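Working notes for the structure below.
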Amino acid sequence: MSASDIDFSSHARSTGTPVDAQGTLQVNCTLGTPYAIGLNAGTNASSPTAAGDNRRMADANNQYVAYGLYRDAGRQDVWGDVLGSNTLAGTGTATDQLIPVFGRVPSTDAAAGSYVDTVVATVTY
């Protein structure tokens, strides 16, 4: 498994405009093997579970920007790490499968800075 960063880029301060971005997971599992991919809440989450927008990016001064990660382009299905609940199921093809990860920052009402977070992806098979 490998992953690309999700880069929300630079934006002017705004309270009402969400910012969307997308990354990719690359998974290669044995042909016919069922698997599930989970994403944890990240290192700066406001709670230990990945629900809604409790994921947060932090800057060097411990200021936060909330964001969500989703399994669908409509950004309705929150991506978490509870098997059978908010993970993504698939079947191995013995080739690289590209899995999109959809991100959203609901508001860019934050102080200027560089905000980052680390999310751990887990493949269960």
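Everything quoted here is computed from the prediction, not taken from an experiment.
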**Q.** Within one Ile-Leu-Val-Met-Phe-Trp-Tyr cluster: Val19 and Met57, side-chain cutoff 4.5 Å
**A.** yes

(Q) Would a single hydrophobic cluster contain both Leu69 and Val123, if residues Ile, Leu, Val, Met, Phe, Trp and Tyr are joined by side-chain heavy-atom contacts under 4.5 Å? (A) yes

Approximate separation, where rounding is to 0.5 Å, of [X] [atom1] and [Y] [atom2]:
{"X": "Leu31", "Y": "Thr95", "atom1": "CG", "atom2": "OG1", "result": "8.5 Å"}
{"X": "Asp20", "Y": "Phe8", "atom1": "CG", "atom2": "CZ", "result": "8.0 Å"}
{"X": "Gln26", "Y": "Ile99", "atom1": "CD", "atom2": "CD1", "result": "10.0 Å"}
{"X": "Asn54", "Y": "Tyr67", "atom1": "CG", "atom2": "OH", "result": "9.0 Å"}
{"X": "Ile37", "Y": "Cys29", "atom1": "CD1", "atom2": "SG", "result": "7.0 Å"}
{"X": "Gln97", "Y": "Thr91", "atom1": "CD", "atom2": "OG1", "result": "8.0 Å"}

[X] side chain to [Y] main-chain N or O, any donor-acceptor pair under 3.5 Å?
{"X": "Ser4", "Y": "Thr24", "value": "yes"}
{"X": "Asp59", "Y": "Asn61", "value": "yes"}
{"X": "Asp77", "Y": "Arg71", "value": "no"}

Contact check, side chains of [X] and [Y], non-hydrogen atoms, under 4.5 Å:
{"X": "Asn86", "Y": "Trp79", "answer": "no"}
{"X": "Met1", "Y": "Tyr35", "answer": "no"}
{"X": "Tyr115", "Y": "Arg56", "answer": "no"}
{"X": "Leu39", "Y": "Asp81", "answer": "no"}
{"X": "Thr17", "Y": "His11", "answer": "no"}
{"X": "Leu88", "Y": "Leu25", "answer": "no"}

Q: Evaluate salt bridge (Lys or Arg N to Asp or Glu O under 4.0 Å) for Asp117 paired with Arg55, printing each intermediate quantity in order.
A: CA-CA 8 Å; Asp117 193 21; Arg55 287 183 169 101; 5.9 Å; no

Q: Could you note down all residue pairs passing side chain to side chain donor-acceptor pair (under 3.5 Å) where residues 105-114 supplies at least one of them, sequence neighbours left out?
A: Arg13-Asp109

Q.
Tell me the closest heavy-atom pair linking Gln76 and Tyr70, and the distance in Å.
A. N-CD2, 4.0 Å

(Q) So which atom in Arg75 and which in Ala21 form the shortest heavy-atom distance, rounded to 0.1 Å? (A) NH2-O, 3.1 Å

